[in-house]
Amino acid sequence: MTIVGFMFLAALLAGWVDTLAGGGGLITIPAMLLAGVPPIAALATNKAQGFVGTLTATIVMVLKGRLRLGDVWGLIIAAAIGSLAGCWLIQRVDTDWLRWLIPLLLLVVAVYFLLTPKLGKNETKARLSELGYGVTAVPMIGFYDGALGPGTGSFFAVSGILLRGQTLLQATIRAKLFNFVTNISAMMLFAAGGRIVWMIAGAMMLGQLCGALIASHTMLNGGERLIRPLVILMCFLMSAVQFYKLLFV
């Protein structure tokens, strides 16, 4: 199998996983490193291919009437501003302390989902208004995605459940949109710096498109029951990978 074919298959699987639960980078980044892509270029290329999956999922949700863009323009802008700020700052300051905090947060998310099986099954009373959510959680998570990235989709989904009282499906649908915005915002800065390997990114974009299409229809046709166990699994895996990198690499 050629490198391009290998990266297409890796991105297809990542697009499916990422659309349902987040964490597709656990598949795509190691695949690129295995293919010989330098680490910084792998991170940049991951942003370039990743936005296709979240964009595809968002378009499907809009066409199916499950997402109204007119209701969330303020949140879209907040996510973009946060992502651009994080991507700009990560290149200028030392953020090593965050590399210890992130796996801990991912573990908290996984354990919280594990211990609260009814979380997100029904809508609940919102703890924050849409405006409050848009000036706090959304730009903060956007900032994190621009600076680092692992688990962003899961963080958006959990924040929607806990702060806006949404169901897991509702929160996951909106998380795809916000994650698309943060991905493409960071990608533009990486592209401006010439970090993206476009030949590999092109093959992975096609894979992401296919994977996200399959997962979007899975989600809307009874597959929402897969979201919770996948979120738990991917958060545990992302946390383990981050701790491994910190302790042994």
Side-chain angles (χ1 to χ4, degrees), residues 8 11-25 27-28 47-80 83 113 118-126 128-130 133-134 137-138 141-142 145 151-185 187 204-234:
F8 168 82
L12 188 151
L13 176 60
W16 187 84
V17 170
D18 209 40
T19 298
L20 290 173
I27 299 169
T28 53
K47 291 293 184 187
Q49 62 88 32
F51 90 88
V52 175
T54 49
L55 173 61
T56 302
T58 297
I59 291 173
V60 170
M61 298 307 163
V62 170
L63 293 177
K64 294 286 186 179
R66 305 301 292 268
L67 180 65
R68 291 171 53 89
L69 295 181
D71 296 339
V72 291
W73 278 113
L75 301 181
I76 291 172
I77 294 170
S83 180
F113 266 101
K118 294 185 178 181
L119 182 69
K121 284 189 176 296
N122 300 296
E123 288 188 63
T124 59
K125 184 177 180 180
L128 274 183
S129 66
E130 195 83 328
Y133 182 59
V138 172
I141 298 172
D145 193 33
T152 299
S154 300
F155 290 144
F156 272 128
V158 170
S159 70
I161 295 169
L162 297 183
L163 301 179
R164 293 294 298 143
Q166 298 164 347
T167 66
L168 178 56
L169 180 60
Q170 291 169 337
T172 301
I173 288 172
R174 296 221 302 184
K176 297 305 105 186
L177 170 62
F178 301 149
N179 210 173
F180 159 66
V181 173
T182 57
N183 272 342
I184 198 168
S185 299
M187 185 206 78
M204 297 182 76
M205 286 175 180
L206 183 58
Q208 279 278 348
L209 173 65
C210 297
L213 280 173
I214 295 169
S216 296
H217 287 91
T218 300
M219 188 190 303
L220 296 177
N221 291 282
E224 62 181 279
R225 66 185 182 276
L226 295 173
I227 297 175
R228 185 175 172 275
L230 274 175
V231 168
I232 294 171
L233 174 63
M234 297 310 293

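Position 1 is the first residue of the sequence, and the numbers go up from there.
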Please report, to 0.1 Å, the donor-acceptor pairs under 3.5 Å made by any side chain of residues 50-63, with sequence neighbours excluded.
| residue | atom | partner | partner atom | Å |
| --- | --- | --- | --- | --- |
| Thr54 | OG1 | Phe51 | O | 3.0 |
| Thr56 | OG1 | Val52 | O | 2.7 |
| Thr58 | OG1 | Thr54 | O | 2.8 |
| Thr58 | OG1 | Leu177 | N | 3.4 |

Practice prompt. Might you work through the side-chain contact (heavy atoms from CB on, under 4.5 Å) test for Gln166 and Ile173, ending with a clear yes or no?
Written response: CA-CA 10 Å; Gln166 298 164 347; Ile173 288 172; over 6 Å; no
Item to complete: Would you name the heavy atoms of Ala215 and Thr19 that are closest together and state the gap between them?
Response: CB-CB, 3.5 Å
Worksheet item: What pairs with Arg164 under side-chain hydrogen bond (donor to acceptor under 3.5 Å, both in side chains), at least two apart in sequence or on another chain?
Response: Glu130
Response to the item:
Applying ring pair (Phe, Tyr, Trp, His ring centres under 6.0 Å) to Phe156 and not counting sequence neighbours gives Phe178
Worksheet item: Would you say the side chain of Ile27 lies within less than 4.5 Å of the side chain of Trp16, judging by non-hydrogen atoms?
Response: no
Worksheet item: According to the salt bridge (Lys or Arg N to Asp or Glu O under 4.0 Å) rule, which pairs have a member within residues 56-65, sequence neighbours left out?
Response: none
Worksheet item: What residues form a side-chain hydrogen bond (donor to acceptor under 3.5 Å, both in side chains) with Gln49, not counting sequence neighbours?
Response: Asn46, Gln208
Item to complete: For residues Ser154 and Val231, report the shortest heavy-atom separation together with the two atoms involved.
Response: OG-CG1, 4.3 Å
Worksheet item: Closest approach of Leu75 and Gly134, non-hydrogen atoms and distance?
Response: CD2-CA, 3.3 Å
Fill in: Flag side-chain contact, heavy atom, 4.5 Å: Arg66 against Leu169
yes
Discussion item. Distance check, rounded to the nearest 0.5 Å: Ile227 atom CD1 versus Leu168 atom CG?
Written reply: 5.0 Å
Fill in: Side chain proximity check, Leu119 to Arg228, heavy atoms < 4.5 angstrom
no
Worksheet item: Taking all atoms of both residues into account, what is the closest heavy-atom pair of Thr182 and Ala79, and its distance?
Response: CG2-O, 3.6 Å
Discussion item. Just verifying a value: how many Å separate Asn221 CG and Ser216 OG, rounded to the nearest 0.5 Å?
Written reply: 10.5 Å
Worksheet item: Going from CG on Asp145 to CD1 on Ile141, what distance comes out if it is rounded to the nearest 0.5 angstrom?
Response: 9.5 Å
Discussion item. Tell me which pairs pass salt bridge (Lys or Arg N to Asp or Glu O under 4.0 Å) where either residue lies in residues 68-78, with sequence neighbours left out.
Written reply: Arg68-Asp71
Fill in: Minimal non-hydrogen separation, Ala175 against Ala157, with atom names
CB-N, 3.9 Å
Worksheet item: Just how far is it from atom CG of Leu162 to atom OH of Tyr133, taken to the nearest 0.5 Å?
Response: 9.5 Å
Worksheet entry | Which atom of Met234 lies closest to which atom of Ala21, heavy atoms considered | CG-CB, 4.3 Å
Practice prompt. Hey, could you give me the CZ/CD1 distance between Phe113 and Ile161, rounded to the nearest 0.5 Å?
Written response: 4.0 Å
Response to the item:
When rounded to the nearest 0.5 Å, the distance separating SG of Cys210 from CG of Leu13 is 12.5 Å
